[in-house]
Structures are given as C-alpha cells and as structure tokens.
K.L.:
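Submitted below is the structure of interest, expressed as structure tokens.
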There are 2 protein chains.
Amino acid sequence: MIETDCVEVLDRIVTHTQIRPGQTVFEEGDEAKYAYNVSRGHVRLFKLLQDGRRQITGFLAPGDFLGLAARQTYAYSAEAITDADLCRLKVGELENLLEEMPPVRERLYEIANDELAAAQEQMLCLGRKTAKERVASFLISQLRHAADCGDGIAEFELPMSRSDIADYLGLTIETVSRTFTALREEGLIELPSTHRISIPSIATLEASTEA
Amino acid sequence: MIETDCVEVLDRIVTHTQIRPGQTVFEEGDEAKYAYNVSRGHVRLFKLLQDGRRQITGFLAPGDFLGLAARQTYAYSAEAITDADLCRLKVGELENLLEEMPPVRERLYEIANDELAAAQEQMLCLGRKTAKERVASFLISQLRHAADCGDGIAEFELPMSRSDIADYLGLTIETVSRTFTALREEGLIELPSTHRISIPSIATLEASTEA
DNA sequence: CGTTCAATTGAGTCTGTTCAACAGCGGTGG
DNA sequence: CCACCGCTGTTGAACAGACTCAATTGAACG
C-alpha cells in the first residue's frame, strides 16, 4: 500500500476537518484548492440542474478520495451524509508530493480508472435498467463496498436517505420505497430497519440486477 | 503537446490497422493487451446486458484514445461506426514508454479525468434529463467536439445511427427520431440530411439542455 | 406525548415505450 | 432505365413503468 508509505509525509501537510450531516465540503465550480480523503463517515457527490434536479454521481466511504480531478474547478459538489472526518491537502502540496514520489501518480491513475469504470457501470444502470434492476444493482454494490470495509456477512447499513438513493438511481423517492417493498415481499431482501439491509441470497439478488 | 514529442518513439512500436463499419476492436472482458488511438473514423464504446440491452458509454473521433484503462481486461466493447484507422500499441510497450517519459503518465491522468468528468455529465443526462434535454445536450456536445476538430460553424455530421444515439441517451430509436422532428419544428435545429445537423442559434439550443 | 421529518402507500397522470405501418434511399439486376 | 429489395428512419396508436400529488404511517426527539 502506497498510502501507508506516505503516512509520515502526509501528516506534515494535511489538516483534519470535521463536518456535520448536510454540510458542504465544496461546490461544483469552486476553485479546486484542496484534495480530501474521507477518514470517517459518508459523503455524497452530485451535480445540480438549474431547476434543482439533482444527480448523485457517487457515495464515498472511509478511505475514499475526493477532489483529485486536477482541474481548475471541481466538477461536482460534495456534502456530508453523516458526521464525517476529512483529511485535507492543498493541491499544490499534492503536486510536490507527486514529484517526490512518482508511484503516487500511478496510484492516482488507478483510482481515476476505477472511478471511470464505476461511472460506466452506472451509465448502464441509468440508461438501460428498470427500477428494480437499479435498486438491486445498488444494493449489491453497496454490499461489496461494505464487505471491503470488514464484515463478510450479507447485512449492512445504508447511511444515505431514500432521497439520496433516488437521486443516485435516477428515480423518485416513492419508486425507491415501492421497489424496496417489492424486493422484500419477493424475499430478495430483508429490512431490519429503514437503513439496514439484509440479503438472504446474494446470488439470487444478483440475478435480478439484469435480464 | 506531449503527443507530438513522442511521435518518433511511437512510430517504432505502433502498428496501424483498418476496420470497417460494425467491426469489433475488442470486447468487454477481453484481456487488455493493446491500447489504441483513432487516427481516422469514428468508434463507439458500449456495455451490454445479457438480454441484449446496450448502453453506449462514448463515441470516439480522430485523436481519441481507447483501451488505456490499465486493467486486466477491457471494461467495455469497442466497434467501428465508420471506416476507421487505428494505431495499436502493446500495453507493455506503453508501460516502458511511461518509465522513459513520465510526463506521458501525467497526460494519461488528465485524459482519464476528462473522461471521468464527461461520464459524470452523462450520468446527469441519463438520470435526470428529459428526452428533449438529452438530445439537445448530445447535439451541443457533438457540436463542440466537431468544432474542436476544425470548422467553427454550427453545422456538422453525425456519423452514428439513430440507434446508436438512442443507446447513448438511454432512449429508443423512435423517441430520438420524434425528438429530432420536434426540435426541427421548433426551429431549434435544421436537418439538411439524416446525418447532418445545422444549429441556427447555439445559445437557444443550449438553453433547452436543461430547466 | 406532541411535533417533525422521513418513509410508505395509494390513485391518477404522463412521458417515453412498444408494436406496427409507411417512407426514403442506395444498391442490384433484369 | 427502372423495378425490386433491404435497411434506416419516420410517424401513428395503444400501452406501461415510473412520476406526481396526496394521505398515512413510523421513528426520533424534545
């Protein structure tokens, strides 16, 4: 892990910030002065249309980066979903770091490519999948993301609201809610509480993510 | 331009290939042995669901790269839309090139980030825009892409079929066709021929890409 | 225990789809 | 030269999945 190698260098140049649910990290169009890493909590990334329609382009969990795009301005807005801790780093410092440690750029390139692959998968979801398939795909990807972060069991927390899920999947709150209910009635998921999901058979749910 | 600096090095290690409309460059899941650059013609990138539903994730014009993702396998399929010439380069050779010329990696990083920004814009389109807004957005982006390639006037060629446009915008052929007709009847576009678009007022069309 | 906000459920509507027919155009061959 | 064919694109009519608007339930908190 390159991240671990850099911990000492990083500690000298990063600052830690705490934010509350709903609080803005940065907004689309802001000058991109800082890059961030999520150390605790969850963050949503999104774009807005003038009339307020919102598309969430991604959810971040601890360990994820944001603001790495290396452009003049941020291409999307970022807000905390839960209480969150962020590491903040001036992009200028990041550039210096890249000079000193070329492998870091390689790692950034990998991260960008992973995000790109995820974005393409999401395009497939938004453009060609039904409501049920979108929700199933979302749950499977959230499960995988949660599993990476530790527990291997098929029960996990959904930190975001139905509204966030809707704006991520290109649906309405009502459709998301109805689809959760339908999946529960079909026995594909269980809902111990509103923000907690249990998946009896991952393979069965996965089968309903397409075709 | 870094590309220009590298021309001599590249000439030693690339091979040129020609492909015909509809011909496959590579398929999703194939081992990613080669990276490509489009030197002539147009290419579509897409993902398929098992039942045949297709999402086109991007169109490539001369100068664009494909297969740079640096993963084990390709994340999407690529087919020629028109007759096309491609430069092909072994990914191993590309790695060597990156060792010799670090700025190239920087450039690749930029390209990946541009693609990422485009993908996020497309998510907004697919998730939250109406059919009319999607088509208008598509035409504006194609115009910009064409304008980069030379002529600054607001008339250009659409090399792809209505079916390709539909699968790019998450619509059906019929809806795309009807929307073109509607835009024409509103005076927002002109259609000198099926694959040729003229935009009397870019600002007016742009206004109908949202809200 | 009441307030508030999120989530669920219900009823009716609408945008975009599906299914079907038709038009345009280029290529082929009689 | 023109009739025929195949393919792409357009148009029409009926349908459906998701949306909108509205009411209800549920959970968290003072």
Side-chain angles (χ1 to χ4, degrees), chain A residues 20-22 44 49 51-55 81-83 125-139 157-186 189-197 208 210-211, chain B residues 20-22 44 49 51-55 81-83 125-139 157-186 189-197 208 210-211:
Chain A
R20 316 236 67 213
R44 60 178 167 247
L49 294 174
D51 65 358
R53 279 174 290 174
R54 181 179 69 158
Q55 178 64 40
I81 290 174
T82 60
D83 280 301
C125 211
L126 293 170
R128 287 290 175 238
K129 288 190 183 180
T130 64
K132 187 179 162 190
E133 289 167 343
R134 292 185 207 190
V135 171
S137 302
F138 170 69
L139 292 177
E157 203 74 21
L158 282 183
M160 67 292 287
S161 67
R162 296 292 187 267
S163 171
D164 286 338
I165 297 171
D167 283 353
Y168 180 64
L169 297 177
L171 301 170
T172 57
I173 300 173
E174 294 93 329
T175 300
V176 170
S177 182
R178 277 187 252 271
T179 307
F180 271 126
T181 303
L183 289 174
R184 181 171 50 71
E185 284 171 353
E186 289 179 56
I189 63 171
E190 284 157 33
L191 294 161
S193 75
T194 317
H195 290 271
R196 184 150 268 273
I197 300 280
S208 64
E210 65 177 290
Chain B
R20 317 235 65 214
R44 61 177 167 249
L49 294 175
D51 64 359
R53 279 174 289 173
R54 181 178 70 158
Q55 179 64 39
I81 290 175
T82 60
D83 280 302
C125 210
L126 293 169
R128 286 291 175 237
K129 289 190 183 179
T130 64
K132 188 178 161 191
E133 289 168 343
R134 291 186 209 190
V135 172
S137 302
F138 170 70
L139 292 176
E157 203 74 19
L158 281 183
M160 66 293 287
S161 67
R162 296 290 188 265
S163 171
D164 287 337
I165 298 171
D167 284 352
Y168 180 63
L169 297 177
L171 300 170
T172 59
I173 301 174
E174 294 93 328
T175 301
V176 170
S177 183
R178 278 186 252 272
T179 307
F180 272 140
T181 303
L183 289 173
R184 180 171 51 70
E185 284 171 353
E186 289 178 56
I189 63 172
E190 284 157 34
L191 295 161
S193 75
T194 317
H195 290 273
R196 185 150 268 273
I197 300 282
S208 65
E210 64 175 289

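Since the model is a prediction, treat every value here as computed from it, not as a measurement. In what follows, chains are A, B, ... by sequence order, proteins preceding strands, each numbered from 1.
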K.L.:
Under the rule for ring-ring contact (aromatic ring centres under 6.0 Å, His included), what residues qualify as partners of A/F138, not counting sequence neighbours?
P.N.:
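Scan of A/F138 (ring-ring contact (aromatic ring centres under 6.0 Å, His included), adjacent residues dropped) gives A/Y168.
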K.L.:
May I have the distance from A/R162 (atom CZ) to C/dT9 (atom P), rounded to whole angstrom?
P.N.:
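Going from A/R162 (CZ) to C/dT9 (P), I get 10 Å.
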K.L.:
Could you work out, with salt bridge (Lys or Arg N to Asp or Glu O under 4.0 Å) as the rule, every residue matching A/E190, not counting sequence neighbours?
P.N.:
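Result, salt bridge (Lys or Arg N to Asp or Glu O under 4.0 Å) vs A/E190: none returned.
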K.L.:
Take atom NE2 of B/H195 and atom C1' of C/dG24, then tell me their distance rounded to the nearest Å.
P.N.:
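Distance check: B/H195 NE2 to C/dG24 C1' gives 12 Å.
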K.L.:
Can you tell me if B/R53 uses its side chain to pair, donor with acceptor, with the backbone of A/R128 under 3.5 Å?
P.N.:
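A pair under 3.5 Å: yes.
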K.L.:
What is the minimum heavy-atom distance between A/G170 and A/L126, and which atoms define it?
P.N.:
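It is N-CD2, 3.8 Å.
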K.L.:
In this structure, how many angstroms lie between the P atom of C/dA6 and the CZ atom of A/F180, rounded?
P.N.:
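Computing the A/F180:CZ to C/dA6:P distance gives 16 Å.
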K.L.:
What parts of residues 168-179 of chain B reach DNA chain C, counting only heavy atoms under 4.0 Å away?
P.N.:
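Per residue number, the list reads B/G170, B/L171, B/T172, B/E174, B/T175, B/R178.
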K.L.:
Output yes when B/D164 and B/R54 qualify as a salt bridge under the 4.0 Å nitrogen-oxygen rule, no when they do not.
P.N.:
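Salt bridge: yes.
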K.L.:
Given atom CG of B/D167 and atom C1' of C/dG16, what is their separation to the nearest angstrom?
P.N.:
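Roughly 15 Å, once rounded to whole Å.
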K.L.:
Starting at the 5' end of DNA chain D and moving along, which residue's nearest nucleotide shows up first, A/A131 or B/S163?
P.N.:
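The residue closer to the strand's 5' end, by nearest nucleotide, is B/S163.
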K.L.:
Scan A/S193 against the nucleic acid and name what it touches under 4.0 Å (heavy atoms): base, sugar-phosphate only, or nothing.
P.N.:
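Here A/S193 touches no strand at all.
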K.L.:
Does A/H195 reach the main-chain N or O of A/L158 with its side chain, forming a donor-acceptor pair under 3.5 Å?
P.N.:
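Present.
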K.L.:
For A/E210, enumerate each residue passing the salt bridge (Lys or Arg N to Asp or Glu O under 4.0 Å) test, keeping only those at least two apart in sequence or located in another chain.
P.N.:
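If we apply the salt bridge (Lys or Arg N to Asp or Glu O under 4.0 Å) test to A/E210, skipping adjacent residues, there are no hits.
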K.L.:
Check every nucleotide of DNA chain D for an atom under 4.0 Å from a heavy-atom of chain B, then give the first and the last such nucleotide from 5' to 3'.
P.N.:
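Here the contact window of chain B covers D/dG9 to D/dA13.
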K.L.:
Looking at A/R44 and A/I81, would you say the former's side chain and the latter's main chain have a donor-acceptor pair under 3.5 Å?
P.N.:
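Flag not set: sc A/R44 to bb A/I81 has no pair under 3.5 Å.
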K.L.:
Quick check on C/dC25: is either OP1 or OP2 less than 4.0 Å from any side-chain nitrogen or oxygen of B/T194?
P.N.:
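B/T194 to C/dC25 OP1/OP2: no side-chain N or O under 4.0 Å.
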K.L.:
Measure from CZ on B/R134 to P on C/dG16 and round the result to the nearest Å.
P.N.:
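The distance from CZ of B/R134 to P of C/dG16 comes to 7 Å, rounded to the nearest Å.
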K.L.:
Could you list all the side-chain hydrogen bond (donor to acceptor under 3.5 Å, both in side chains) pairs where at least one residue sits in residues 174-183 of chain B, not counting sequence neighbours?
P.N.:
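Sorted result for residues 174-183 of chain B: B/T172-B/T175.
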K.L.:
Taking CZ from B/R196 and P from C/dC25, how many angstroms apart are they, rounded to a whole number?
P.N.:
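From B/R196 CZ to C/dC25 P: 16 Å.
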